[in-house]
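Bear in mind that the values here come from a model prediction, so they are computed numbers and not experimental data. Atoms within each ligand, like the ligands themselves, are counted from 1 in listed order.
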Amino acid sequence: MQHAVTLVENACQFEPAKAPMRRSQTSSDIALLGIYEISKILTEPVRLERLLTGVVNVMSSFLQMRLGMIVILDGAGDPEIVATAGWAGDAKGRPIETLPQAVIDRLVATATPMVVQDIANDPLFAGSAGSGGRDLKGRVSFLGVPIKADDRVLGTLTIDRVWDGGAQFRFDEDLRFLAMVANLVGQTVRLHKILAADRQRLLDERRSLEKALGDELAARGRVPAPKVGGIVGESLPVRKVLETIAIVARSNSTVLLRGESGTGKELFARAIHDLSPRKAKPFVKLNCAALPESVLESELFGHEKGAFTGALAQRAGRFEMAHGGTLLLDEIGEISASFQAKLLRVLQEGEFERVGGNRTLKVDVRLICATNKNLEEAVAKGEFRADLYYRINVVPVFLPPLRERPGDIALLARSFLDRFNRENGRKLDISGQAMDLLKSCYFPGNVRELENCIRRTATLARGSLIQHDDFACASGNCLSALLWTGHGKRAPADAVGELAAGRAVTPVLARAPAPTPAPSPAPARTPAAETGSAAPLAHPSAAAAFPGGPAHGPHGPHGPHGPSHGPAAPGIPSAGTAPSAPRAADPQTCEHAGDGTCPALGSRLTEKDRLIDAMERTGWVQAKAARLLGITPRQIGYALKRYGVEMKRY
Ligand SMILES: Nc1ncnc2c1ncn2[C@@H]1O[C@H](COP(=O)(O)OP(=O)(O)OP(=O)(O)O)[C@@H](O)[C@H]1O
C-alpha cells in the first residue's frame with residue numbers, strides 16, 4: 001500500500017500542554033482521569049477535526065510525549081492528518097513535517113501496536129525527519145496504535161518522546177493508555193462517518209426528489225393542481241404547494257412543513273397523508289409544544305404499566321398508533337435538547353422503547369414535521385441539533401402567508417361562510433363591499449384568523465347579507481386591527497370609513513412598509529408571489545415569511561406580538577413594544593392618533609384582550625398562544641383563569 005499522507009484542510013495544531021502530568025505519577029488513576037477527560041471532549045458537538053485535536057492536546061497532559069498525531073483514512077483509504085500536537089508548523093499552523101508514510105502503512109496493515117525504542121536506528125524512519133526532525137538531546141522513541149472500530153482500521157494514533165538514556169521507559173502502560181484512547185476515538189470516528197453518510201444520503205434523496213418534481217412539473221405544463229379535500233385556494237403559491245405535495249406524497253420521505261401560524265400546516269399534512277399510499281392507515285398528530293418533556297416522551301413512545309405514578313396500564317405511543325400511516329409532529333422547533341437526542345435515535349435507527357420498557361419496538365411511520373420557527377437560526381445558535389435538522393428537513397414545503405395571496409381571501413371567505421350556513425341552517429351571503437374589506441385585511445393570523453372572523457361576523461350578522469360594517473373592525477373591536485396599529489399598518493376601520501365614503505379600498509398590503517431587510521443572505525422576496533414562478537420545493541418568500549426568519553415580515557422578527565414583545569412575566573406583554581415598532585409616548589398627542597396608525601394605540605388593549613386575541617389566533621392552543629405572547633404555558637393558564645376566559649374548541 002503506498003499512500004501519500006495528506007493534510008486535512010483546517011487540521012488544527014496544538015502545542016503540548018505547558019505542564020505535562022508528572023510521569024512518576026503515572027498510574028491507573030491518572031490514566032482513568034485522562035480517559036475521562038478525553039471521553040468528555042469526544043461528546044462535544046463540534047467537527048471531528050476539532051474533537052481529535054482536543055484529544056491529542058489532552059493526551060500531552062497525561063503522557064510524557066513530545067509529538068502526537070492522529071491520522072484518519074479517507075473514503076479511498078488514503079491517510080489524512082486530522083490532528084497534531086507538537087509538530088513544527090508553517091505560517092498557517094499546519095505541520096511541515098509528518099511521519100514517514102511507511103510507519104502509518106505498517107500500523108494500518110498490521111493493525112497492531114508498534115513501539116520503536118530508537119527511531120534513529122530504525123529503517124522505517126531512515127532518512128526522514130519523521131519524528132519532528134529537530135536537534136534533540138537523547139534518543140527518540142515512537143509509539144503507535146491503530147484506531148479501530150468494528151474490527152476495521154480507521155486510522156492511527158501516534159506519539160513520540162525523547163529518551164535521555166536514563167531509567168528504562170515503561171512502554172506497556174503508555175501503550176495501554178493509547179489503545180484506550182484509540183478505542184474511544186475509533187467509536188467517535190465511526191459515528192461521525194455514519195452521520196456524514198446519513199446526511200449525504202438525505203441530501204441525495206432531497207436532490208432526486210427535487211429533480212423528479214421539477215421534471216414532472218415541466219412535463220405537466222399548466223395542468224390544474226390536484227383537488228384536495230378541505231383545501232381552498234387557487235393562487236399560484238397554493239397551486240404550487242398542492243403540486244408539490246401530490247408528488248412528495250408518493251414517497252416516504254420526511255416532509256418539513258413551514259409557515260406562519262394559521263397558514264394551514266396541519267391541513268396540508270393531512271392532505272399529504274390522504275394523497276399517499278398510506279391513506280387507509282392512521283394519520284396521527286402530536287403538538288410538541290403543548291406538553292412537558294416527560295409527558296411528550298410517553299405520548300410519543302408510549303409507556304409500560306407502572307413506568308411512573310399514574311401509569312396504571314400499558315399504553316401505546318403515537319409512533320405505534322401511526323404504524324403503517326403518517327405521524328405529524330407539530331411545533332418540532334420547540335422540543336428540548338434532550339428530547340431532540342431521543343427523537344434522533346428513533347429517526348436514525350427506526351426503533352424505540354416504551355417509557356419504562358425494555359422491549360425494542362420497530363414501526364413503519366411516515367414522518368411529517370411542522371414548524372413556524374426559523375430552524376436554521378436555531379441550528380446556528382446551537383438550540384437545534386444539526387443532525388436532527390437534516391433528518392427532518394428532507395423535503396421542506398413552505399406555506400405562504402395569506403397576505404401574499406390576497407386572491408384566495410374571497411374563496412376562503414365563501415367557503416367558511418358556506419360551512420357556517422350548513423352547520424347552522426342559515427343562508428347568509430356576503431356583500432361586495434364586505435368582501436372588498438376582507439380582501440384589504442392583513443390577517444396576521446392567516447387563514448385561521450379569516451375563518452374566525454367569518455364565523456364571528458356570521459354569528460352576529462343582523463340581516464341575511466353580511467355588510468362591511470358588520471365586521472368587528474367597523475366598530476373598533478377587531479383586536480388584530482388594534483394590534484397592527486403599533487406597526488405602521490392601517491387598520492381596516494379606516495377601510496370601513498373609506499367604503500362608507502364610497503371610495504375604493506386600497507389593500508392594506510399595498511400600503512405596508514417594505515419588509516425589514518434580511519440581516520443574512522436570504523431568498524429574495526417575490527412581490528408578485530401570486531403570479532410569479534416559484535422554485536419547486538421552496539416558496540420564494542418562505543424565508544421572509546417566518547416569524548424570526550432571516551427576512552422578517554412587516555411585523556418584525558416575531559410577528560405582530562411575538563416573543564420579543566415587551567416584558568413577558570408576570571402579565572401579558574403589551575402590543576406595540578417590539579423593538580422595531582416605534583412607540584408614541586402619548587396617543588393623544590401623537591400625530592397619527594386620528595388616522596389609525598398611532599403606534600401607541602395598541603397599548604389600549606387590556607391584558608384580557610391581548611390574551612383572547614392570542615388564543616384566537618392560535619386556535620385556542622394554550623402553548624402556542626403562550627409563545628406568541630412570550631410567556632410560559634403555565635402563566636397563560638393562570639391568566640385564562642384569572643380573567644375567566646372560557647375555552648373554545650375548534
Ligand atoms: N387553504 C386552506 N383552505 C381551507 N382552510 C384552511 C386553509 N388553510 C388553513 N385553513 C384552516 O385554517 C385553520 C388553521 O389551519 P392549521 O391549523 O392547519 O394551521 P397551522 O399552520 O397548522 O397553524 P399553527 O402553526 O398555529 O398550528 C384550520 O381551521 C384550517 O382548516
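Arg414 has a carboxylate O that lies under 4.0 Å from a charged side-chain N of Asp429, or vice versa, which qualifies the two as a salt bridge.
Taking 4.5 Å as the limit, some side-chain heavy atom of Leu412 sits within range of a side-chain heavy atom of Leu402. Lys624 is not listed as a side-chain neighbour of Asn372, based on a closest heavy-atom distance of 4.5 Å or more.
Ligand 1 lies under 4.0 Å from heavy atoms of Gly230, Ile231, Val232, Glu260, Ser261, Gly262, Thr263, Gly264, Lys265, Glu266, Leu267, Asp330, Leu412, Phe416, Val447, Arg448, Glu451, Lys624.
Other residues, nucleotides and ligands place no more than 12 heavy atoms under 6.0 Å from the CD atom of Glu234. Within a 6.0 Å radius of NZ in Lys342, more than 12 heavy atoms belonging to other residues, nucleotides or ligands are found.
Screening Lys281, His273, Arg366, Arg278 against Thr326 for a side chain to side chain donor-acceptor pair (under 3.5 Å) leaves a single residue, His273.
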